Amino acid sequence: CLQFFIGASSQKSLDILTLSGRYGFPASYEDTYTEKATETGSMVALTVPIPLNEKSTWIVSLNHFYFNIQGDPAIPDGITNPINLNGFILRTGLYQKFGNGLGIQILFVPRYMTDFKGGGGNCLQLGGVLLLEKVFSVKLTMSFGAQYNQEFFGPLLVPIINVDWQISSKWKFTGMLPVYSKLSYKANKNLDMGLAHFGLVTSYYLGQSDYAGDYIQRNCIDLTLYGRQRITGNIFCELRGGMALGRSYDQYAGDQKLTLGLPLVYIGDDRTIKNTNFKSGPILDLRLVYSIPLPK
């Protein structure tokens, strides 16, 4: 989700509105259950940059995403089944350019993460993003910083390296590592194709009476091939297909916390998972995108 505003000043276009649907092919459970689980989902992303002056832009980005898991009917009471998760993420803040190719982005990032079964204010999370930008050349812009979020399992801190690199007239690499990256090949003026990855840890408050106060931690790295075709004007259709790697929907009691979460490392993690997860598997993602060109 974060790619919609990060590095917008150096990209040649900005995705204003994205609508997507996701389908994960049925996958067997790691153990215990005999039936398969099926993952589906959707995402809506709206981004509005508001120029304040020649060097300052206020960013407003609102995203909603939804995940549904139809699991084995034998899953017992006390474990959420089916899984229905909704996430609302607002990103708003200042992008400020300075002289000598320097810039800074400071964003406030509140989230509302819920199963819509109750919880109210308990579903709220607070976070932020800070990035320092450097334009190295016409072809390469990089930013360095971090993203912080107060997840239901504890604080999560992710160091960020943002890259916008026009490798050649046909090849381009963009990404906010380790969250997102895209290696694209421009086949012609209407068609891009390439390789994309997206991986972001999220957590959701559960309000169902049988397990009220529990939370689900979702982990997944989507590694996909994609093709993006212009339909008409600034409207594009993008199809992604690949694998959901390391996918899990871990359910924990609300008092099960860790000290600090970092990429690939959890400090002070003595939690006990309540549920059994299903395996990684193939996914398809279809997107409709409204994208506008940016002034050079």
Side-chain angles (χ1 to χ4, degrees), residues 1-8 10-11 15 18 20 22 24 41 43 45 47 59 61 63 65 67 87 89 91 93 95 103-107 109 111 113 125-134 136 140-167 171-184 194-204 216-226 240-250 258-269 277 280-281 283 285:
C1 302
L2 299 174
Q3 73 269 26
F4 296 111
F5 58 88
I6 299 297
S10 59
Q11 295 177 358
D15 293 348
T18 301
S20 80
R22 172 192 183 94
M43 187 267 287
T47 297
I59 302 296
S61 177
N63 300 268
F65 50 95
F67 295 103
I89 300 179
R91 299 176 179 85
Y95 170 60
I104 189 171
Q105 296 182 54
I106 305 173
L107 302 171
V109 188
R111 304 182 183 188
M113 315 295 278
Q125 301 174 350
L126 298 178
V129 176
L130 174 64
L131 288 174
L132 302 177
E133 181 183 270
K134 171 62 177 177
F136 290 95
L140 177 63
T141 299
M142 298 182 69
S143 301
F144 306 88
Q147 170 185 288
Y148 170 84
N149 195 60
Q150 185 60 46
E151 301 285 345
F152 296 124
F153 55 77
L156 179 64
L157 181 64
V158 181
I160 296 295
I161 299 177
N162 185 66
V163 181
D164 189 326
W165 181 21
Q166 187 70 50
I167 302 171
W171 289 94
K172 185 173 184 179
F173 179 82
T174 57
M176 195 180 77
L177 304 171
V179 178
Y180 162 86
S181 67
K182 200 172 190 179
L183 178 63
S184 59
L195 176 68
H197 111 272
F198 181 80
L200 183 66
V201 175
T202 49
S203 58
Y204 306 80
I216 282 186
Q217 177 181 328
R218 182 181 186 272
N219 306 281
C220 191
I221 297 176
D222 293 343
L223 185 61
T224 57
L225 296 172
Y226 81 92
R240 298 187 178 195
M243 293 290 293
L245 303 174
R247 178 176 54 188
S248 64
Y249 288 79
D250 299 333
L258 52 81
T259 304
L260 176 65
L262 298 167
L264 303 179
V265 178
Y266 288 161
I267 300 173
D269 187 4
N277 273 294
S280 302
I283 55 170
D285 186 303

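Everything quoted here is computed from the prediction, not taken from an experiment. Numbers for residues simply follow the sequence, beginning at 1.
Residues passing the ring pair (Phe, Tyr, Trp, His ring centres under 6.0 Å) test with F67, sequence neighbours excluded: F65. Looking at residues two or more places apart in sequence or on another chain, you find a side-chain contact (heavy atoms from CB on, under 4.5 Å) between L223 and L195, H197, L245. The salt bridge (Lys or Arg N to Asp or Glu O under 4.0 Å) test applied to R22 returns E39, D222, not counting sequence neighbours. The side-chain contact (heavy atoms from CB on, under 4.5 Å) test applied to I267 returns T259, L260, L262, V265, not counting sequence neighbours. In this structure, the side-chain contact (heavy atoms from CB on, under 4.5 Å) partners of N219, at least two apart in sequence or on a different chain, are V201, Q217, S248, D250, Y266. With sequence neighbours excluded, the residues that form a side-chain contact (heavy atoms from CB on, under 4.5 Å) with I161 are M142, F144, V163.
Atom-to-atom distance recorded for M243:CE and L225:CG is 12.0 Å, nearest 0.5 angstrom. Taking CG of D285 as the reference point, atom OH of Y226 lies at 13.0 Å (rounded to 0.5 Å). Separating the CZ atom in F152 from the CE atom in M113 is a distance of 7.5 Å, to the nearest 0.5 Å. Atoms CG and CG, on N149 and L126 in that order, are 8.0 Å from each other to the nearest 0.5 Å. Considering CG of L140 and CH2 of W165, their distance stands at 7.5 Å, rounded to 0.5 Å. Rounding to the nearest 0.5 angstrom, the gap separating the CD1 atom in I104 from the CD atom in E133 is 10.5 Å.
For the residue pair S203 and Q125, the shortest heavy atom distance occurs at OG-NE2, 3.0 Å. When all heavy atoms of G24 and I283 are compared, the closest pair comes out as CA-CG2, 3.9 Å. In plain terms, the two heavy atoms of S280 and A244 that are nearest each other are CB-O, 2.9 Å. Taking every heavy atom of both residues into account, S143 and L131 meet most closely at CB-CB, 4.2 Å. In this structure, N162 and G175 approach most closely via the heavy-atom pair OD1-O, 2.9 Å.
Counting heavy atoms from C-beta outward, D164 and K172 have side chains that approach closer than 4.5 Å. By the 4.5 Å heavy-atom criterion applied to side chains, E151 and R111 are counted as neighbours. Side-chain contact between Y249 and N277 is present, with heavy atoms from C-beta onward closer than 4.5 Å. Under the 4.5 Å side-chain criterion, counting only non-hydrogen atoms from C-beta, Q105 is not in contact with L132. Within the 4.5 Å cutoff, the side chain of K182 has no heavy atoms near those of the F173 side chain. At least one side-chain heavy atom of P155 sits under 4.5 Å from a side-chain heavy atom of Y148. L200 is listed as a side-chain neighbour of Q147, based on a closest heavy-atom distance under 4.5 Å. L177 has its side chain out of reach of I160: every pair of non-hydrogen atoms, C-beta onward, lies at least 4.5 Å apart.
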Run the numbers on F198 and I221 for side chain to side chain contact (heavy atoms under 4.5 Å, CB included), then give the verdict.
CA-CA 6 Å; F198 181 80; I221 297 176; over 6 Å; no
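Side-chain atoms of T47 never come within 3.5 Å of backbone atoms of S61 as a donor-acceptor pair (strictly under, hydrogens ignored). For N63 (side chain) and A45 (main-chain N/O), no donor-acceptor pair under 3.5 Å exists by modelled atom type.
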